[in-house]
Amino acid sequence: MVPAQYYLLLSAAMFCIGLFGILTRKNALLFLMSVELMLTAGNINFVAFSFQYGNLTGQVFSLFTIALAAAEVAVGIGIILVLYRNFRGVDVTQATTMRW
Amino acid sequence: MAAFDYAPAIALLPFASFVIALFAGRFLPKRGALAGILATAGSLVLSIWMALSVAAGNTYNEALYTFVTAQGINLHLGVLIDPLAALMLIIVSLVALLVHVFSLGYMNDEGEPGLPRYYAGLGLFSASMLGFVIADNLFMAFMFFEMVGLCSWLLIGHWYRDDAPPSAAKKAFLVTRFGDYFFLVGVVAVLATFGSATFAGEESFPGLAETALGEGGADAVSTFGFAPETWFAIVGLLILGGVIGKSAQFPLHTWLPDAMEGPTPVSALIHAATMVAAGVYLVARMYGFYALLPTVLAIIAFVGGFTALFAATMGVVKREIKQVLAYSTISQYGYMMLALGAGGYVAAPFHLMTHAFFKALLFLGAGAVIIAMHHNENMWDMGGLKDRMPVTYWTFLAGSLALAGIFPFAGFWSKDEVLYEALIHGLGSSPLLLGAYAMGLLAVPITAFYTFRMVLLTFHGEPRTDTAENPHGVGWSVKTPLVVLGVLAVTAGFINMLPVQKLLGIEGIDFLHEWLDHGFEGVTAHHYGDLTGYASGYIGGESVTVLLGVVVSLGLALAGAGLAYALYSGSDPDAHTDRLGDAKTVLMNNYYQDEYQVWLADATARVARAADTFDQGIIDGPVNGVSSVSLVSGSRIKRVQTGIVTNYAALLSLGLVALLVVLGLLGGWF
Amino acid sequence: MAVLPYEAIAFALFALVTVTSSLGVVLVEDVWHSALLLGVSLLSVAVHYVMLQAEFLAAMQILVYVGGVLILITFAVMLTRVDDPKETPS
Amino acid sequence: MTTRPELRTDGNFLPGLIALALFGVLAAVFLTASFPDPQGFTGDGSITASIGYAMFDLAGGVHPSEGFLVSFIVIAVVLDAALDAAVMLAKTEEDGRIGGALRIGSTDTDDDSAARTDGGRDRPTGEDR
């Protein structure tokens, strides 16, 4: 039995990697993937605690999260396509219309 | 009660003429004059009908339209018709009608510009004053009081292209407004104290005040920590501020002589029936309140007496005919205030009425003279007009005799009653009143003197200029009002022949006393007599006192008139006023009251500037500071909005880290 | 855990795989490689799920994430790819 | 075409420090925390079946859980709305076709190279921006 801390650590690592990707990359697709990583990190937490307490709630929640992630990717790709159409690229630093 | 259903129409008819003259005046044959004449004639007819109903013993007190009722305070428009209001309605609508007719000759025939505006102003003026007269509560009275002030501003400044009229109009408006501030505070104070501002009826504030001053009644009203007597005196003085402004009492009288810059019919309307009368009428209207306050009554009497004397002295040296009349107006309203302060509730409306007739007559007569003289008002340029305009002369003479108080003209009866009331009440209870009486008495010969100086200079002797040699003729529209008013100036005094009754013992010829003694309980002359608490004192019996008063005042008046005749009756009289020396300079400059008020205004302006600096620097400073700090910091901080998602995410994460650290440190996670 | 901790060894192994491939996702130059590494990462997470007695979830992870989401991302990568590889953003 | 993955060398890694800091904080918190031994799912019932029962609020689940019927419905509706929105976003403004990115992506400016689905009829002469 692996103690819960290690799963937490694993998920924290994944989450921070996703965050790192968002903070350092400019490609919108990389953003999408980083967000997937962060969501998965959350899922690991859910499942780990579900196991910790012997309660299924966490697993059901993770299920929902997976569905949500799928839809989020769909929306995200829609946004990326619009971005691509309007700015002729997927570089998020180009889309600065909402600047001051 | 059918008559009273039409009571609002008295004020609404002139208002309709205002609207008609304003919007359609330029298309009408007489530029709105006919609408005004019809409207005021209708008002006069309705007023007489009201008076007949009142004479039949009816009274009317109804709230017509309620603005707001909250927390026991009721603001509404209403109509109160009692003997006093009915009397005043007839005076106002009659004078307004005659002024409208006179304006045909004074304005239309002279081809003045802006006639629709003029008639609109007259209509609104009449409407405001009539609305003021029928007001049943102090709040409504205040509204119409202000409208009267507004209309005076409009009309005095009628010839706005010249320099003087606009500034005179502004002065009239501002000076009366200054008094009205106190009035406004007084209205609020009355509402806050009594929760009701009606003049008559169950919830009337004079009645409530009377109860409050009685045994154990002080709990019913909120007097804000003062003793009821003190507080009521304060409220009374506040309202008196408005009265002093509007009725041109010292020290707020300075606007009235300047108001002569307006057209002469307007002067007649302002001084005889509407604006100036409003102040005195207001005091009479709420006399039940003032009667409870001996201190305030004494102040009123003293201010009145002083004003009567003070203004009369200034009238002595004036060269323009309208200026003389202006100061005589101030002086005569001083008499009315003296009467009110001395407990002469009947004497004041009586003098108001006779004065309205003879002063309107004098102003209209002066207007006729001014027409004749091609708008030259200097009396030294006139002379000898007696033979050239006889109708004007004889009516003007009647008015002058009334003003001077010569038996048996109207002014004699009313002025005598004013002085008589002051005398007996002064003898009976208050020595202070005797001082006011003395001043009033002293003003009598001066009044007679300047009146006859005016008459003699204008109409007698030889013509001193070519214009006076061949005066411009005047038409029927000028003469008709003069004749009507001339008859009234002779006869109006007979409605209240108190001295005759007292001396000869003929009962029942003091009609005005009886007239003002019926109506609502609590607003009758008798009730007021009980409230004031003035005792009457006599010198050797009532008849002797009456006779003494009559003889003294008549003798003084005749002496003043005789002096004027002696000095100015020649064919080419000298300017005797030069003999007064420095005193003349002082009098010509109106005791430097204007300069004094200008100085006062300058001092006030300095205070205002200091306050402005304070406001700009200390009040606005932080406000502006906050806004400029927000602006500057906004223009800096908005650069955070780079539009680049990465930066937002970085800031978000930074915040999250900081939050976690803080929470961790606080919660002991580490 | 007196016995040889197979479980701990498996966890360490797959944690290493997960973290490494995740780092790869955010660090490699080419988006296409990122997408592939994301697949690896998600698959290894599925292994963790199995170790946590969440077999159904592991199946869903593979089906939905790797089978659906990743295909979608691949699709987007292809859609937005500019002809000249030199101009590939980031 | 297959290429070896290359690490990205250019770019600004400074904001990445924030992520590292977050990891530091989280790791510090987690490593100091202590948990009891995990319980696990010990019964002999099927976990998957229990998930199914839990999701639809049905009795019969062996393993403890809460009911998720309402969440299920709500999430279903919300996700559906999100997908519709995604489709809407992906539409082009002019002609409502999906895949505008394809057309513009092919070349930068010239619309002529876009795939034409009308067989070349009705060729636009300029109003098609």
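In what follows, every chain begins at residue 1, and chains take the letters A, B, ... in the order their sequences are listed.
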Rounded to the nearest 0.5 Å, how far apart are [atom1] of [X] and [atom2] of [Y]?
X	Y	atom1	atom2	result
C:Gln53	A:Leu56	CD	CG	10.0 Å
A:Leu81	C:Leu79	CG	CG	5.5 Å
A:Ser62	C:Gln61	OG	CD	9.0 Å
A:Phe51	C:His48	CZ	NE2	14.0 Å
A:Glu72	C:Leu72	CD	CG	10.5 Å
C:Leu57	A:Asn43	CG	CG	6.5 Å

With only heavy atoms counted, which part of [X] is less than 4.5 Å from chain A, the side chain, the backbone, both or neither?
X	result
C:Leu42	side chain
C:Thr18	side chain
C:Ala35	both
C:Val45	side chain
C:Phe75	neither
C:Leu38	side chain

Less than 4.5 Å apart, side chain to side chain, heavy atoms only: is that true for [X] and [Y]?
X	Y	result
A:Met14	C:Val19	no
C:Leu52	A:Ser50	no
A:Phe20	C:Leu27	yes
A:Ile17	C:Val25	no

| request: Test C:Tyr65 against A:Glu36 for side-chain contact (heavy atoms from CB on, under 4.5 Å), laying out the working first. | output: CA-CA 9 Å; C:Tyr65 256 121; A:Glu36 294 305 319; 2.7 Å; yes
| note | Nearest heavy-atom contact between A:Arg25 and C:Val26 is NH1-O, 2.7 Å
| field | Distance-minimising heavy-atom pair for C:Val31 and A:Leu30 | value | CG1-CD2, 4.0 Å
| said: Test side-chain contact (heavy atoms from CB on, under 4.5 Å) on A:Val2 and C:Met51; report intermediate values, then the result. | reply: CA-CA 9 Å; A:Val2 182; C:Met51 285 195 291; 6.0 Å; no
| request: Specify which of C:Ser22, C:Ala10, C:Ala15 makes the most heavy-atom pairs with chain A at under 4.5 Å. | output: C:Ser22
| query | In terms of heavy-atom proximity below 4.5 Å to chain C, should A:Leu63 be classed as side chain, backbone, both, or neither? | reply | both
